[in-house]
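Only one structure is covered here, and it is reproduced in the block below.
Note on naming: letters A, B, ... go to the chains in the order of the sequence lines (proteins, then strands), and numbering restarts at 1 for each one.
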Number of protein chains: 2
Amino acid sequence: MKNNKYMIVYNELAEQIKNGKLKPGIKLPSEHELSSEYHTSRETIRKALTLLSQNGFIQKIKGKGSVVLDVTKYDFPVSGLVSFKEISQRMNMEYKTHVEELELIVPDEYIRDQLDLSKKDKVWKVVRVREINKERIILDKDYFNKKFVPSLTKDICEDSIYNYLENELKVNISFAKKEIVVEEATDEDRQLMDLNDYEHIVVVRNYVYLKDTSLLEYTESRHRLDKFKFVDFARREK
Amino acid sequence: MKNNKYMIVYNELAEQIKNGKLKPGIKLPSEHELSSEYHTSRETIRKALTLLSQNGFIQKIKGKGSVVLDVTKYDFPVSGLVSFKEISQRMNMEYKTHVEELELIVPDEYIRDQLDLSKKDKVWKVVRVREINKERIILDKDYFNKKFVPSLTKDICEDSIYNYLENELKVNISFAKKEIVVEEATDEDRQLMDLNDYEHIVVVRNYVYLKDTSLLEYTESRHRLDKFKFVDFARREK
DNA sequence: TAGTGGTCTAGACCACAGA
DNA sequence: CTGTGGTCTAGACCACTAA
């Protein structure tokens, strides 16, 4: 967590909106008032409010003020990198992760291409099945560049790899590109998941970049289609 | 198009990146240099660069500079509200819109609920089929609150409703919530689209809000699953 | 008209990267 | 060490809203 002034303001206000101290519909104090409350400049307050509005907490209206939005309506986290653990905990469900595969491999051409690797680079391949309420409905296949992730264990994979990367290895994840398509289910899908009779599967491909723009990870998250849901905010900048 | 200084800087740089004058991998001039080039302050330049990085054009690296990313890789627009017309033009495809329905209705409960309406409010219902390369692959069902959109014509629907709303009616669209799920195809889907034998359909639900946080529009965009693709950037803020 | 958020400025100091 | 981007300030003027 960053300790900038604007992040402090952001976190305090976000917390109050999430726990209901600031209720949907009411107006926040004006930027002028907030800046004297927090003993900071108006631009710094504006940075915090801009973040809040980008993340769906408030709505800024010129000439009027900033209105608190109803965040309880939004059942999924505001877009971004979110791990399976976070989601299932937030949804309050019984969940379990099965690590099916965990090995250091020399990647095939497809993965080498996806991860922008040279021929001698090695990658960690992790295959995990996610079980929610007794059903195996998600198949996660992750490929990490060994250069950035020297070691991985089964324990880490069963918990949250993102936690490990960010808190232990201090890897600087900066942004990700996400792609959602529907494809025909493969034999592997049918083998590892409770696919019922669905012939198709929702594939979410994630490309995770580091601060220096190099590719850390390529991930395929394969979801049984009846259990898939994706929610996103889109801000209008123009 | 806004005429702020930072939007001018943003648009000029975005244009140069899109048309290849600024190639992927090279570094932009420093913020200091850009501010004297554009005769403006550094904060204004920073606003433009922040927008560029949020939209996937560049990557800012502390202590080093701003690197141009490869936008040609990203075949779909950066997240946000994007109209069908924009997409098909960008993809350079032959496209056509069939307006199947256009009427002022008293909405049923489902729509009333989605749009947060009272019992006497009326809505425009617009049903359009999108044909790309001779195949009818998208079914768009839009519901507009009549309060904000007093009139609609077939011509407008065949062009771009967003254009009409923003440029003619000057409606202030501020943000949207998007939801993607897969559902069983309905008889209507099969009737209006070239569905082949697909039993499922990708449904994108859009809730479009005005600046004063009231709901302008609820949209269902139903895509044949083999032609569906969604791409999104996720920035990491922490 | 008074108050709001939107834009913009000209500085300042900091943390980080690289020679 | 220099140069980069990140944060922050104290003002200014503008456009919009509502009384």
Please name all residues satisfying ring pair (Phe, Tyr, Trp, His ring centres under 6.0 Å) with B:Phe144, sequence neighbours left out, ordered by chain then number.
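Testing B:Phe144 for ring pair (Phe, Tyr, Trp, His ring centres under 6.0 Å), a comparison that skips the adjacent residues, returns none.
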Residues two or more places apart in sequence or in another chain: which of them pass side chain to side chain donor-acceptor pair (under 3.5 Å) with [X]?
X        : answer
B:Glu33  : B:Ser30
B:Thr219 : B:Asp142, B:Glu217
A:Thr153 : none
A:Glu12  : A:Tyr38

Sort and list the pairs that fulfil salt bridge (charged side-chain N to carboxylate O under 4.0 Å, His left out) and have at least one residue in residues 19-29 of chain B, not counting sequence neighbours.
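Counting only pairs at least two positions apart or across chains, no salt bridge (charged side-chain N to carboxylate O under 4.0 Å, His left out) contact touches residues 19-29 of chain B.
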Could you list all N or O pairs between the protein and nucleotides 14-19 of chain C that sit under 3.5 Å apart?
from, atom 1, to, atom 2, distance (Å)
C:dG18, OP1, B:Lys64, NZ, 3.1

Using heavy atoms and a sub-4.0 Å distance, could you list which residues of residues 28-36 of chain A are near DNA chain D? By number, please.
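DNA chain D contact set from residues 28-36 of chain A: none.
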Can you tell me how far [atom2] of [N] sits from [atom1] of [X], to the nearest Å?
X       : N      : atom1 : atom2 : value
B:Gln59 : D:dT4  : CD    : P     : 18 Å
B:Leu49 : D:dT4  : CG    : C1'   : 12 Å
A:Lys60 : D:dC16 : NZ    : P     : 16 Å

Taking side chain to side chain contact (heavy atoms under 4.5 Å, CB included) as the test, write out the residues that go with A:Ser41, two or more places apart.
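Only A:Glu43, A:Thr44 meet the side chain to side chain contact (heavy atoms under 4.5 Å, CB included) criterion with A:Ser41.
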Set of side chain to side chain contact (heavy atoms under 4.5 Å, CB included) partners for A:Lys47, sequence neighbours left out
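Once residues adjacent in sequence are excluded, the partners of A:Lys47 under the side chain to side chain contact (heavy atoms under 4.5 Å, CB included) criterion are A:Tyr6.
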Any sub-3.5 Å donor-acceptor pair from A:Trp124's side-chain atoms to A:Val149's backbone N or O?
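Between the backbone of A:Val149 and the side chain of A:Trp124 there is a qualifying donor-acceptor contact (under 3.5 Å).
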List in chain and number order the residues that pass salt bridge (charged side-chain N to carboxylate O under 4.0 Å, His left out) with B:Glu37, two or more places apart in sequence or in another chain; answer none if no residue qualifies.
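Once residues adjacent in sequence are excluded, B:Glu37 has no partner under the salt bridge (charged side-chain N to carboxylate O under 4.0 Å, His left out) criterion.
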Output a table of nitrogen or oxygen pairs between the protein and nucleotides 8-12 of chain C separated by less than 3.5 Å.
from, atom 1, to, atom 2, distance (Å)
C:dC8, OP1, B:Lys5, N, 2.5
C:dC8, OP2, B:Tyr6, N, 3.4
C:dC8, N4, A:Glu43, OE2, 2.2
C:dT9, OP1, B:Lys5, NZ, 2.7
C:dT9, OP1, B:Thr40, OG1, 3.3
C:dT9, OP2, B:Thr40, OG1, 2.4
C:dT9, OP2, B:Ser41, N, 2.8
C:dT9, OP2, B:Ser41, OG, 3.0
C:dT9, OP2, B:Thr44, OG1, 2.7
C:dA12, N6, B:Arg42, NH1, 3.4

Below the 4.0 Å mark, does D:dG5 have OP1 or OP2 next to a side-chain nitrogen or oxygen of B:Arg46?
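Looking at the OP1 and OP2 atoms of D:dG5, neither is under 4.0 Å from any side-chain N or O of B:Arg46.
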